[in-house]
Amino acid sequence: MNFPFHDIIRSEDETIITVQNFAKKIEMGDVILLNGDLGSGKTFFVKYICKEFGIENVSSPSFAIVNEYHNKKNFVHFDFYRIKKVEELYDIGFHEYLSGENIVFIEWSNMFPDILPKRNYQIDLKFVNNTSREISIVKHA
């Protein structure tokens, strides 16, 4: 997989192949920003990346705000959707999670762009129709 990456994904199976290829590129300290409408596949994407590393119990952190998963690597999964003020993120130690000891996923990252590290992968998912998504991945070094 080369960056920037852009494709139309026509099925869950195609999405899983894209995720598997992307998972080979990520490493500890990476921050992965996921944006797209409700139901566009953000959590699905995270779930299948984690699955590549032997983690099966991935769920959306919509209500918890952050979920942590540990196996061969440490993963932290944020969902900014229900956050009203950036102070809520500071209160839970957001910047401590960015220490480099984790791979960090942030769904709805576009809600608080000012607190995000400049080095990241930005993934945008857009509906094409009921079964297809347009996916773009940009690596910001």
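If you're wondering where the values come from, they're calculated on a predicted model, not measured in any experiment.
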Across all chains, not counting sequence neighbours, the side-chain hydrogen bond (donor to acceptor under 3.5 Å, both in side chains) partners of T18 are none
How about [X] and [Y]: do any of their side-chain heavy atoms sit closer than 4.5 Å?
X	Y	result
F53	F75	yes
E12	F44	yes
I9	S132	no
I103	V76	no
I83	L89	yes

Quick one about [Y] and [X] (side-chain donor to acceptor, distance below 3.5 Å, no hydrogens or angles considered), yes or no?
X	Y	answer
N129	T131	yes
Y97	E68	yes
N67	Y69	yes

Nearest heavy-atom approach of P117 to V31 is CG-CG2, 3.7 Å
Nearest heavy-atom approach of I49 to A23 is CG2-CB, 4.4 Å
Mind checking the [atom1]-[atom2] spacing from [X] to [Y]? Nearest 0.5 Å is all I need.
X	Y	atom1	atom2	answer
M111	I106	CE	CD1	12.5 Å
I17	D7	CD1	CG	11.0 Å
I26	E52	CD1	CD	9.5 Å
S109	D124	OG	CG	8.0 Å
K73	C50	NZ	SG	12.0 Å
H77	S59	NE2	OG	8.0 Å

Can you get from [X] to [Y] by hopping between Ile, Leu, Val, Met, Phe, Trp and Tyr side chains that sit under 4.5 Å apart?
X	Y	answer
I65	L98	yes
F127	I123	no
F105	F94	no
V58	V66	no

Under 3.5 Å: donor-acceptor pair, side chain of [X], backbone of [Y]:
X	Y	answer
T15	S11	yes
R133	R10	no
K25	M1	yes
N120	L33	no
K42	W108	no

* Hey, mind stepping through D30 and V104 against side-chain contact (heavy atoms from CB on, under 4.5 Å) and telling me if it holds? -> CA-CA 6 Å; D30 282 342; V104 179; over 6 Å; no
Assess whether atom CG of N2 is packed by more than 12 heavy atoms of other residues, nucleotides or ligands within 6.0 Å.
no
Open item on the list: Would you say that more than 12 heavy atoms from the other residues, nucleotides or ligands in this model lie under 6.0 Å from the OH of Y81, or not?
Closed with: no
Sorted by chain and number, sequence neighbours left out, salt bridge (Lys or Arg N to Asp or Glu O under 4.0 Å) with K51 holds for E56
Just do the side-chain contact (heavy atoms from CB on, under 4.5 Å) check on L116 and F112 with the steps written out, would you?
CA-CA 7 Å; L116 302 173; F112 297 100; 5.9 Å; no
From the list V19, I55, L34, side-chain contact (heavy atoms from CB on, under 4.5 Å) with V46 holds only for L34
So the salt bridge (charged side-chain N to carboxylate O under 4.0 Å, His left out) pairs with at least one residue in residues 77-98 (sequence neighbours excluded) are none
Carefully, step by step, assess Y90 and H95 under the rule side-chain contact (heavy atoms from CB on, under 4.5 Å).
CA-CA 7 Å; Y90 295 141; H95 286 294; 3.5 Å; yes
Checking Q122, K126, H6 against S136 for side chain to side chain donor-acceptor pair (under 3.5 Å), the one that qualifies is H6
Stepwise side-chain contact (heavy atoms from CB on, under 4.5 Å) test for H140 and K118
CA-CA 7 Å; H140 299 279; K118 302 293 182 225; over 6 Å; no
Any idea how Y121 and F22 line up, ring-wise: parallel (<30°), tilted (30 to 60°), or perpendicular (>60°)?
-> perpendicular
Q) With under 30° as parallel and over 60° as perpendicular, where do the rings of F78 and F80 fit, or are they tilted in between? A) perpendicular
